[in-house]
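For reference, the structure discussed in these notes is given below.
Just so it is clear: chains get the letters A, B, ... in the order the sequence lines come, proteins before strands, and each one is counted from 1.
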Amino acid sequence: MNKDTLPQRILEVERLSIRFGGLLAVNDLSFAAHDREITAIIGPNGAGKTTVFNCLTGFYKPGVGRIRLTHADGRDYLLERMDDFRIAREARVVRTFQNIRLFAGMSVLENLLVAQHAALMRASLFSVAGMLGLPSYRKAEKIAIERARHWLEKTELIAAADEAAGSLPYGAQRRLEIARAMCAEPVLLCLDEPAAGLNPHESLELNELLLAIRAETGTAILLIEHDMSVVMQISDHVIVLDHGAKIADGSPQAVRADEAVIHAYLGTPDSEDLPPDLAIGIAKAGR
Amino acid sequence: MTALRLRTELVDALIAAFVAALLALPLLGFKLTDSATGLSLDYRWPLVGYAAGAVFTGRLAIGQLRHFFGARFDRTRGQSDIYSADPGRARIMFGWALIAIALVLPWLPFADKGLVDKATLVLIYVMLGWGLNIVVGLAGLLDLGYVAFYAIGAYAYALLAKTFGISFWLCLPLAGLLAASFGILLGFPVLRLRGDYLAIVTLGFGEIIRVILQNWGEVTGGPNGINSVPRPTFFGLPFSAISPTGPTFHEFFGLPFSPVHRIYFLYYLILALALFTNIFIIRIRRLPAGRAWEALREDETACKSLGINPTLTKLAAFATGACFAGFAGSFFATRQGFISPESFSFIESAIILAVVVLGGMGSQIGIVFAALLLVGLPEWFRELEQYRMLAFGAAMVLIMLWRPRGLLASRSPTVRLGKLAEAAS
């Protein structure tokens with residue numbers, strides 16, 4: 001692995017592997033993400049992209065490998081050893097989900113306040129100060145609401161602030177999930193297919209939103225995406241996975257021209273879109 | 001079109017009548033009679049016919065009514081329908097009106113000792129319902145063993161007050177604390193469970209506590225229970241005719257002695273405790289802890305991804321809910337003056353849960369109505385003893401048909417952007 005000089009390396013994944021029974025979902029994967037950069041992870045279905053996310057955010061514990069997150073102040077966090085909620089709270093790696101996971105029965109604003117739980121809980125002295133309505137807590141809540149309002153404006157959801165999150169249209173729910181993640185003040189924002197189900201116009205808006213987030217907060221963004229209009233236009237760095245292993249890593253232009261990537265997505269003409277080992281197996285069975 | 005509808009309804013009614021006949025055959029059709037030769041079987045075929053006929057016409061009538069009232073009958077409400085963006089001003093006013101009625105109830109012209117006593121019982125269940133609402137309605141953890149904490153509170157008060165002579169007001173927080181500790185104790189092993197599995201384990205916990213109370217004779221008195229539990233005092237003034245230690249309530253205030261004093265005092269005591277529970281819940285819902293409970297109910301995975309510790313959050317919900325059951329238990333013990341494991345059987349848990357579910361999960365006022373319906377009405381219709389459970393079941397079925405999400409299921413947000421949002425839109 002060659003050392004990058006600028007900007008600072010924020011996430012470093014080394015030799016990550018995870019196995020589910022006989023399936024090696026992620027195989028000896030190493031990559032890095034940098035501060036103030038948008039890194040895209042792409043690959044065909046079942047390539048292990050979401051599994052990598054689940055390892056980063058602690059939902060899965062990898063069998064082998066190290067995931068190191070470095071904050072701007074130099075503190076290191078070894079994510080593979082941390083509980084999922086501590087990764088979000090302390091290491092500040094916050095994610096969104098492929099199938100949107102909002103608190104559907106709660107209002108949009110409440111969704112954003114839940115994201116600031118840890119800070120508000122401290123301010124309310126584990127409910128004691130909050131119960132008594134002390135000014136210190138009221139001030140903290142005001143700040144939290146202001147932060148929520150800021151992200152609602154950014155995501156153009158301010159008019160729907162008091163509506164139930166579950167009643168929003170699909171595109172708005174996607175944006176709300178991103179706003180909620182931003183309210184948790186992430187150092188690394190992991191977005192799992194944020195453009196899935198969006199129309200081309202909404203995809204464009206998403207691009208602008210993500211670029212604005214990066215420009216404003218400098219948050220590093222790691223993104224799984226199938227929508228190439230998103231990936232190619234906004235990412236600084238693209239990592240391509242296939243069958244759990246990295247097959248390409250570089251700038252969008254470089255990746256687009258890569259032989260192995262074209263092979264993974266389109267297959268080779270003689271194997272008729274089947275992975276090589278399976279094609280050989282079928283050929284043998286036919287004989 | 002109408003002919004087709006009529007045919008479907010006729011077929012529907014026939015099927016219902018057939019099922020009714022099947023059920024009525026063993027239930028109504030056969031009758032054991034004592035005769036000279038011993039037991040013999042009598043047959044009552046007409047009754048089976050009447051039952052099937054009644055169901056047939058009833059089903060047909062429901063079909064007609066449904067057609068007549070259109071969609072109003074078939075309303076099934078989704079998650080976001082329950083949600084109401086309006087702060088429910090009408091409901092708040094209504095709540096205040098209810099509190100006002102509760103405050104003056106003993107002084108109303110038709111109020112008597114019996115009514116106030118029944119109202120006290122209803123208020124115990126309102127308080128238990130509100131307490132369980134934290135666990136079931138807010139945190140979404142189905143708890144079938146809630147009565148265990150009620151029992152712990154009652155026994156804690158009875159034992160502390162009887163053995164050490166501690167006063168009610170000191171015992172109350174102690175009993176709450178003890179019940180909360182047991183809530184945490186139960187919480188630990190069931191943290192990973194949800195839904196049905198959680199319900200089974202909590203059901204088991206409730207039974208374990210009851211069985212312990214029944215068998216740990218040296219401490220709990222076993223099936224005989226604990227009698228002559230100290231009665232409550234009014235700031236040290238007992239509600240008895242004479243007292244060897246000092247002035248009694250009626251002596252101190254120069255009133256003629258009346259047993260009604262104690263009943264009224266108990267009524268106001270439980271009213272205060274219940275209102276305290278209500279205020280607590282209204283406030284905690286607006287705090288991060290309460291919002292975390294609701295978020296946990298909505299989506300645990302999303303909670304974890306936002307840095308909420310699900311373990312602590314669930315334990316807090318269990319402990320808080322249990323604490324209020326402990327308070328209610330203490331009150332129960334001091335009101336009854338006698339407790340035994342029989343008072344804490346599974347049916348109590350079921351009734352409390354029914355109060356919460358029928359009231360509308362998470363709805364505070366709904367729980368009051370459900371408690372009136374499920375606890376109050378059976379008390380008033382004690383004469384109809386035999387039909388009580390029948391009416392109970394019928395009420396449940398009807399509520400579930402017309403209000404599948406409870407009597408007053410609605411949730412308004414705990415915090416609002418309000419005017420700011422209106423200005424922007």
Side-chain angles (χ1 to χ4, degrees), chain A residues 57-59 83-90 92-97 100-111 113-124 126-127 130-131 133 137 141 144-145 148-149 152-153 158-167 177 180-181 183-184 190, chain B residues 78-87 137-138 140 279-313 316 320 361-362 405 409-425:
Chain A
T57 50
F59 286 91
D83 281 334
D84 38 21
F85 69 89
R86 283 185 54 224
I87 287 178
R89 183 187 292 182
E90 289 160 32
R92 296 200 173 276
V93 178
V94 182
R95 69 175 294 182
T96 67
F97 296 87
I100 306 170
R101 283 180 175 276
L102 291 171
F103 306 122
M106 300 171 82
S107 83
V108 169
L109 182 59
E110 284 174 309
N111 267 268
L113 290 184
V114 170
Q116 305 175 52
H117 176 79
L120 281 174
M121 201 66 180
R122 267 197 305 277
S124 79
F126 301 94
S127 301
M131 247 333 156
Y137 171 70
E141 194 182 33
I145 292 175
R149 202 152 76 91
L152 285 177
E153 274 162 5
I158 192 80
D162 294 334
E163 277 166 40
S167 68
E177 214 188 7
R180 188 178 68 180
C183 276
C190 299
Chain B
Q79 183 70 41
S80 32
D81 293 335
I82 281 191
Y83 181 95
S84 80
D86 118 84
L138 294 185
I279 292 166
F280 179 89
I281 293 172
I282 288 173
R283 288 209 75 118
I284 197 127
R285 269 195 64 201
R286 300 196 181 133
L287 292 180
R291 282 198 208 108
W293 289 337
E294 291 200 79
L296 201 70
R297 175 193 69 200
E298 300 279 326
D299 197 321
E300 189 172 336
T301 308
C303 276
K304 286 196 272 189
S305 81
L306 294 170
I308 293 174
N309 182 345
T311 309
L312 279 183
T313 311
T320 317
M361 299 241 241
R405 290 190 170 257
S410 97
R411 177 182 184 282
S412 45
T414 55
V415 58
R416 321 169 51 75
L417 217 45
K419 279 184 189 147
L420 292 165
E422 276 158 32
S425 62

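The contact between A:Leu120 and chain B is made by backbone and side chain atoms together, counting heavy-atom distances below 4.5 Å. Of the atoms belonging to A:Arg95, heavy atoms from both backbone and side chain fall under 4.5 Å from chain B. For A:Glu141, the part lying under 4.5 angstrom from a heavy atom of chain B is the side chain only. For a residue to count as touching a neighbouring chain, one of its non-hydrogen atoms must lie under 4.5 Å from one of that chain's; by this rule A:Leu102 touches chain B with the backbone only. Of the atoms belonging to A:Arg92, not a single heavy atom falls under 4.5 Å from chain B.
A:Tyr137 meets the ring-ring contact (aromatic ring centres under 6.0 Å, His included) test with no other residue; sequence neighbours excluded. Residues satisfying the side-chain contact (heavy atoms from CB on, under 4.5 Å) criterion with A:Asp84, sequence neighbours excluded, are A:Phe59, B:Lys304.
Going from atom CG of B:Asp299 over to atom CG of A:Asn111 covers 10.0 Å, rounded to the nearest 0.5 Å. Atom-to-atom distance recorded for B:Arg291:CZ and A:His117:NE2 is 10.5 Å, nearest 0.5 angstrom.
Here the side chains of B:Ile308 and A:Phe85 are not in contact, with every heavy-atom distance at 4.5 Å or above. Proximity of B:Ser305 to A:Phe97: side-chain heavy atoms (C-beta onward) are separated by under 4.5 Å at one or more points.
Nearest heavy atom pair, residue B:Ala295 against residue A:Val114, reads CB-CG1, 3.7 Å. Scanning both residues, A:Arg89 and B:Asn309, for their nearest heavy atoms gives NH2-N, 3.7 Å. The minimum heavy-atom distance linking A:Val94 with B:Leu306 is given by the pair CG1-CD2, 4.1 Å.
Contact count versus chain A (heavy atoms, under 4.5 Å) is highest, among B:Cys303, B:Ala292, B:Gly307, for B:Gly307.
Although no hydrogens or angles enter the test, the distance criterion places a donor-acceptor pair under 3.5 Å between the side chain of B:Glu298 and the main chain of A:Gly105.
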